[in-house]
Asks: 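Input: one structure, supplied below.
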Amino acid sequence: MIKKVLVINGGGRPNGNTAKLVQSFIKGVKDAGHFVDEISLVKNEVKPCLGCFACQTGIPCVQKDSFNSMVPKIKESDLLVFASPTYYFDMNARIKAFIERLFSVENKFFKGKDPNVPTKDVAMLVTAADGSAWNFQTMQMFYKTCFLDWLKFNDKGMLLAGGIEETIDKTDFLEKAYSFGKNIY
């Protein structure tokens, strides 16, 4: 069965390590016969949540940015893939803002469904100069707490591409990302 995959790319450089990792993952997904779309958070501004709760009254988020136009893609996707470089032991602010704004649609993931049954699959692609395991702990904890425990998404895995001193091209992470995408379903 063909799946719809949505990659949310929080990387800041168009030819940076995160972008290259995303492109290898996307190639794998396409080669496996699935549909894939990418949202660049550099090209599409998503402001942080205001915490106003207006979205919980049934209206779209009140923020004036690109997020509301992304909602149909989010809802239609089978798999959400978050891609981020590591900034100070965590995902960057672009990805954090996007995830905060999922609050405006999260009740729609569960409407009329058993809250213990996953409604979406989720995966994460992470790049970092430091390859130490502790460098990824905050992201791994957030991934588990937010996506798996709270939203009850189905875990499809994380690719932690650490120890990239200069360019990801000199590592085997692009091959791993391709394989991850090719075998995600």
Side-chain angles (χ1 to χ4, degrees), residues 5-31 34 36-49 63 65-67 69-70 73-74 77 79-103 120-151 153-184:
V5 177
L6 180 61
V7 179
I8 301 95
N9 183 354
R13 296 178 290 142
N15 295 308
N17 291 329
T18 303
K20 290 177 182 179
L21 195 70
V22 164
Q23 291 311 308
S24 289
F25 176 84
I26 287 173
K27 183 170 178 5
V29 171
K30 286 181 178 179
D31 285 354
H34 302 293
V36 64
D37 196 3
E38 177 185 0
I39 293 174
S40 165
L41 296 180
V42 169
K43 296 177 184 175
N44 297 279
E45 181 187 28
V46 175
K47 297 175 185 175
C49 179
Q63 289 275 42
D65 61 13
S66 298
F67 186 80
S69 67
M70 298 174 189
K73 289 181 181 184
I74 295 167
S77 68
L79 169 65
L80 297 175
V81 180
F82 296 93
S84 178
T86 304
Y87 287 3
Y88 209 72
F89 314 106
D90 204 352
M91 63 191 80
N92 70 15
R94 283 184 288 277
I95 286 287
K96 285 180 188 175
F98 182 92
I99 292 168
E100 286 177 3
R101 296 286 292 285
L102 284 177
F103 180 72
K120 297 268 181 221
D121 294 333
V122 66
M124 193 155 193
L125 305 170
V126 181
T127 57
D130 187 333
S132 304
W134 57 266
N135 193 43
F136 299 108
Q137 285 179 342
T138 303
M139 265 188 273
Q140 290 172 308
M141 183 176 62
F142 181 87
Y143 179 86
K144 181 185 180 309
T145 304
C146 177
F147 298 125
L148 307 183
D149 296 342
W150 175 251
L151 290 173
F153 287 173
N154 183 44
D155 182 18
K156 297 302 273 183
M158 296 178 78
L159 176 56
L160 305 174
I164 305 167
E165 293 295 323
E166 295 174 24
T167 177
I168 200 165
D169 300 321
K170 296 179 181 179
T171 72
D172 65 348
F173 287 121
L174 297 181
E175 293 168 18
K176 288 180 179 179
Y178 174 83
S179 179
F180 187 30
K182 178 120 172 134
N183 298 298
I184 201 92

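What you are looking at is a predicted structure, and each value in this text was computed from that prediction instead of being measured.
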Asks: Tell me the closest heavy-atom pair linking Ile95 and Ser84, and the distance in Å.
Replies: CG1-CB, 3.8 Å
Asks: If you compare all heavy atoms of Val46 against all heavy atoms of Ala97, which two are closest, and at what distance to 0.1 Å?
Replies: O-CB, 3.5 Å
Asks: Mark yes or no for whether Ser132, through its side chain, and Trp134, through its backbone, hold a donor-acceptor pair below 3.5 Å.
Replies: no
Asks: Measuring from atom CG of Leu151 to atom OG1 of Thr145, what distance do you get when rounded to the nearest 0.5 angstrom?
Replies: 11.0 Å
Asks: So Met70 and Leu41, side chain to side chain contact (heavy atoms under 4.5 Å, CB included) or not? Walk me through it.
Replies: CA-CA 11 Å; Met70 298 174 189; Leu41 296 180; 4.2 Å; yes
Asks: Is the number of heavy atoms from other residues, nucleotides or ligands within 6.0 Å of NZ (Lys47) greater than 12?
Replies: yes
Asks: Taking the side chain as everything from C-beta on, heavy atoms only, tell me whether Ile74 gets closer than 4.5 Å to Phe98.
Replies: yes
Asks: Going from CD on Glu45 to CZ on Arg94, what distance comes out if it is rounded to the nearest 0.5 angstrom?
Replies: 11.0 Å
Asks: If we ignore hydrogens and angles and just use 3.5 Å, is the side chain of Ser77 paired with the main-chain N or O of Leu80 as donor and acceptor?
Replies: no
Asks: Measuring from Gln140:CD to Leu160:CG, what's the distance to the nearest 0.5 Å?
Replies: 5.0 Å
Asks: Tell me the closest heavy-atom pair linking Thr86 and Ala128, and the distance in Å.
Replies: OG1-CB, 3.4 Å
Asks: Quick one: do Asp121 and Phe153 satisfy side chain to side chain contact (heavy atoms under 4.5 Å, CB included)? Show the steps, please.
Replies: CA-CA 5 Å; Asp121 294 333; Phe153 287 173; over 6 Å; no
Asks: Sequence neighbours left out, what passes ring-ring contact (aromatic ring centres under 6.0 Å, His included) with Tyr87? Give chain and number order.
Replies: none
Asks: Can you establish whether the number of heavy atoms outside Glu175 located under 6.0 Å from its atom CD is more than 12?
Replies: no
Asks: Does the pair Tyr178 and Asp31 meet the rule for a side chain to side chain contact (heavy atoms under 4.5 Å, CB included), with working shown?
Replies: CA-CA 9 Å; Tyr178 174 83; Asp31 285 354; 2.8 Å; yes
Asks: Quick one: does Lys20's side chain get under 4.5 Å of Thr127's, heavy atoms only?
Replies: no
Asks: Sequence neighbours left out, what passes side chain to side chain donor-acceptor pair (under 3.5 Å) with Asn44? Give chain and number order.
Replies: none
Asks: Under a 4.5 Å cut-off applied to non-hydrogen side-chain atoms, are Met139 and Asp90 in contact?
Replies: yes
Asks: Would you call Thr167 and Asn17 a side-chain contact if the rule is heavy atoms closer than 4.5 Å?
Replies: yes
Asks: Hey, is the main chain of Pro48 close enough, under 3.5 Å, to the side chain of Gln63 for a donor-acceptor pair?
Replies: yes
Asks: Look up atom CG in Leu21 and atom CD1 in Ile164, then write down how far apart they are to the nearest 0.5 Å.
Replies: 7.0 Å
Asks: Please enumerate all residues that pass side chain to side chain donor-acceptor pair (under 3.5 Å) together with Lys144, with sequence neighbours excluded.
Replies: Asp149
Asks: Do Leu125 and Phe180 make a side-chain contact, defined as non-hydrogen atoms from C-beta onward lying under 4.5 Å apart?
Replies: yes
Asks: Check the pair Tyr143 / Leu148 against side chain to side chain contact (heavy atoms under 4.5 Å, CB included), numbers first and verdict last.
Replies: CA-CA 7 Å; Tyr143 179 86; Leu148 307 183; 4.1 Å; yes
Asks: If you look at every heavy atom in Ser24 and Leu174, which pair is closest and at what distance?
Replies: CB-O, 3.3 Å
Asks: Check whether any side-chain heavy atom of Arg101 sits under 4.5 Å from a side-chain heavy atom of Asp65, and report yes or no.
Replies: yes
Asks: In terms of ring plane angle, is the pair Phe147 and Phe142 parallel, tilted or perpendicular, where the classes change at 30° and 60°?
Replies: perpendicular
Asks: Any idea which heavy atoms bring Asn9 and Gly11 closest together, and the distance?
Replies: OD1-N, 2.8 Å
Asks: So how far is it from Ser179 OG to Phe173 CZ, rounded to the nearest 0.5 Å?
Replies: 13.5 Å
Asks: Measure the spacing between OG of Ser66 and CD1 of Ile39 and express it to the nearest 0.5 Å.
Replies: 9.0 Å
Asks: Minimum heavy-atom separation for Ala123 to Lys156, with atom names?
Replies: CB-CB, 4.2 Å
